[in-house]
Amino acid sequence: MRTRTKLYFKKMVMQAHLRLDLPTYSDPASRPNIKGVRSWNVFSDLMRTASVAFSVLSHIALILELARGEKGGFLFAILCVSKPVFTFVTKRDLWSKKFILYSVNPSYLRSVALNSLATDKDYKQEVLSGSLEDYIVNEFEKTQIALGDTSHEFPSALFEADKSPFLGVFQSLLGDLPLIYYATSAIMFPEKLSISALAIYQQTASSIQSTIDQITRESSSVNKNLHHIESLYDGLKPQHSIPAGKLSYPSSDSSATKGMAIFVRDVSFRYPKSSDTRIALKNISFDIPASSLVVIVGANGSGKSSLVNLLTNLHYPTSGTILIDDKPMNEYRSQDLRKSMALLTQDHILFPLSIGENIAIGDPECGEDPAKLKRIQAAARLGGAREVIEKLDHGLEELPQREQALYSSQFPLPPGPLRDISDKVEKHPEFSGKKSEPLLCLEIEIGIVGGEVQRLVASRTFMRISSAKIRLVVADEPTSAMDPEGEFELFEALRKVQEGMTMIFITHRFGHLTKHADHILCLKDGELVETGTHRELVVRNGEYSKLYNIQARAFVEPEESGSTASGSTT
Ligand SMILES: Nc1ncnc2c1ncn2[C@@H]1O[C@H](COP(=O)(O)OP(=O)(O)OP(=O)(O)O)[C@@H](O)[C@H]1O
């Protein structure tokens, strides 16, 4: 039951995560704040609270039953429950309240900072190289002196302790009242004295006390866990920042062989909820005709990736409109638009799945397609990843990272595959000194490096393109870790499959691609400063020509550089 409950909620948590669009997901407050395991805690907490409540009720019933036959019995029963009830009512429990804990005591804050200097590995190198050991300890001692008797107790304990001492005295008095009452009535009516009844009363009263205490302790954790579950159900409600309509894309009237046509009208964009209040894109307008090849260039931070984020529906303009095939982008279903696009960026990485699945996932609907393997192989060839895969021990079956959970044994393992793994673990640098840990998670990497990762990720894009559903391909510097030959081959392969698709490339390297571009968009500080073909822009002698000449100059002899700078190199 525990496993089933956890798995059920784990799936819900995954769905809640997957439903969020990028801007919403970027805000940590919007992400579901619960793990599957907590769901079980909620369930078991509720069960435990119910059983404790049942126990309290049965104790009260017992004491009432015992008291029924006696004169003054009900008064005695009330006295028995008075202390637990009083404690419950006057308890100061921090965890059942909404609160923020923070310290303003400079000595305390300094002591925390010095403690982290001594214990945090991020500071280790600088602390050692700066010979700061004695300084840190001495300064820490000073903060201790400055703090004096200031309590270091956990805030909840301080909060709970912070109540009138009279309450405590009264509380313990209440605890003794049943005994005082019973003793008084025993003196007045000695014939009624029964040691066994006294013992039962005493024991029952203290049981009630402890079970009520338990309920109060647990109620806050039940509250907290229920709140988490509630937030999970809230997370399942769609909360998208990107508006979307109901039109399907591609619409039935658009020709199946054409790429996506994009018209950007006076678009400005600022990242939502970003601490950086600067505007990323300012009043940008341009047209990208269907099936054209567009290259976006510009210096770092000029807004190229931000523009791509808008065109691929990952973010939404702060103002202005983007039209796709003559209709505003937000009139289409977001899912449809994304299914018609292939985005390839330098940040795309390998998933923790087999290499084959990493490529196949480009077309998540390929499922049991009998031609799947052939398609994967073709995609790997186009992405330039064939050799990368061939050198792997398990080819397409290889996992980019193998995560292994191992139980280390106190005793040496017998020779065999388990012993081999165990030996490998013990030799691993991360393992040193951790022999006593019962469970060790170890990632064994298979050594695929930057440029090779980019080839495999590019293969995923070719797999996506081979689904024949793609109308727009966007490549945002996908070759940053590749050698120039790899980059050339990738762009050539993309250009060759371009039929029926619009292609947008972002690159910092001028050359082959920019010369073939139908349009070049040149950005500077979030503004579109120039558009045109390579030839047009080079002779214009503006921002594009400046960026181009910086690179071109590196390839010409010093005496030629003067003519290059003047724009004659085309
Ligand atoms: N996720 C983000 N949140 C907030 N601001 C961002 C975010 N991404 C980019 N920016 C800001 O938007 C502006 C444009 O950045 P962008 O990444 O679009 O430029 P770029 O031309 O692609 O740069 P590069 O060539 O370095 O990739 C910069 O000021 C950047 O700091």
Side-chain angles (χ1 to χ4, degrees), residues 17 20-31 239-242 262 264 266-286 288 294-320 322 329 338 341-349 450-451 453-454 457-458 461 472-482 484 487 490-491 503-511 513-514 517 519-532 537 542-551 554:
H17 275 272
L20 299 179
D21 61 26
L22 197 61
T24 319
Y25 198 76
S26 311
D27 178 11
S30 310
R31 281 183 230 148
Q239 29 171 307
H240 302 303
S241 326
I242 299 180
I262 303 171
V264 174
D266 202 19
V267 160
S268 295
F269 177 59
R270 178 177 280 124
Y271 279 91
K273 300 198 173 144
S274 160
S275 53
D276 186 351
T277 51
R278 276 175 303 170
I279 194 153
L281 294 168
K282 276 172 251 167
N283 307 103
I284 288 193
S285 299
F286 59 86
I288 299 182
V294 175
V295 175
I296 306 177
V297 296
N300 290 121
S302 56
K304 303 181 294 296
S305 302
S306 306
L307 182 55
V308 158
N309 283 340
L310 297 184
L311 300 182
T312 49
N313 203 29
L314 291 174
H315 278 281
Y316 194 72
T318 312
S319 65
I322 299 177
M329 196 173 204
R338 287 182 198 141
M341 298 173 177
L343 174 64
L344 175 62
T345 79
Q346 59 178 326
D347 297 329
H348 283 184
I349 50 170
V453 171
Q454 290 193 334
V457 171
T461 305
L472 174 69
V473 176
V474 179
D476 183 352
E477 292 185 70
T479 55
S480 55
M482 282 189 205
E487 178 181 85
L490 176 65
F491 286 151
M503 285 198 172
I504 301 177
F505 292 90
I506 293 184
T507 183
H508 277 292
R509 298 187 202 167
F510 290 70
L513 197 58
T514 40
H519 303 276
I520 295 170
L521 306 174
C522 182
L523 296 179
K524 187 180 178 191
D525 299 333
E527 289 181 72
L528 180 62
V529 285
E530 285 169 359
T531 59
L537 294 179
E543 176 71 8
Y544 179 87
S545 165
K546 188 182 100 189
L547 294 170
Y548 171 70
N549 282 323
I550 290 169
Q551 283 187 24

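Just so you know, ligand 1 is whichever comes first in the structure, and atom 1 is the first atom listed for that ligand. Residue numbers run from 1 in the order of the sequence given.
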Evaluate the 4.0 Å heavy atom contact test for atom 2 (C) of ligand 1: does a protein atom fall under the cut-off?
yes
Minimum-distance protein heavy atom relative to atom 26 (O) of ligand 1:
Asn300 ND2, 2.9 Å
Identify, for atom 4 (C) of ligand 1, the protein heavy atom at the shortest distance, and state residue, atom and that distance.
Ser274 OG, 3.2 Å
Of the protein's non-hydrogen atoms, which lies at the shortest distance from atom 15 (O) of ligand 1, and what is that distance?
Ser306 OG, 3.8 Å
Rounded to the nearest 0.5 Å, how far apart are CG of Asp525 and CG of Leu281?
11.5 Å
Just going by heavy-atom distances, which of Ala299, Gly301, Ser305 is nearest to atom 14 (C) of ligand 1?
Gly301
Distance-only donor-acceptor check, side chains Ser545 and Asn549, under 3.5 Å:
yes
Using a strict 4.0 Å cut-off to heavy atoms of His508, name the atoms of ligand 1 that fall inside it.
25 (O)
Whether Lys524 and Glu527 form a salt bridge (side-chain N of Lys/Arg under 4.0 Å from carboxylate O of Asp/Glu) is what I want to check.
no
From Thr312 OG1 over to Leu307 CG, what is the distance, rounded to the nearest 0.5 angstrom?
9.0 Å
Quick test: of every protein heavy atom, which one is nearest to atom 10 (N) of ligand 1, and how far off is it to 0.1 Å?
Tyr271 CE1, 3.3 Å
For Glu477, all residues meeting salt bridge (Lys or Arg N to Asp or Glu O under 4.0 Å), sequence neighbours excluded
none
Quick one: do Leu521 and Ile284 satisfy side chain to side chain contact (heavy atoms under 4.5 Å, CB included)? Show the steps, please.
CA-CA 11 Å; Leu521 306 174; Ile284 288 193; over 6 Å; no
Heavy atom of the protein closest to atom 31 (O) of ligand 1 (residue, atom name, distance)
Asp276 OD2, 3.7 Å
Evaluate Gln346 for polar contact with ligand 1, using N/O atom pairs at a separation under 3.5 Å.
no
NZ of Lys282 to CZ of Arg270, rounded to nearest 0.5 Å, is 10.0 Å
CZ (Phe510) and CD1 (Ile520) are apart, to the nearest 0.5 Å, by 7.5 Å
I need the nearest protein heavy-atom contact for atom 19 (O) of ligand 1: residue, atom name and distance, please.
Gly303 N, 3.2 Å
Ligand 1 to Lys304, heavy atom cutoff 4.0 Å, flagged ligand atoms 18 (O), 19 (O), 20 (P), 21 (O), 22 (O), 23 (O), 24 (P), 25 (O)
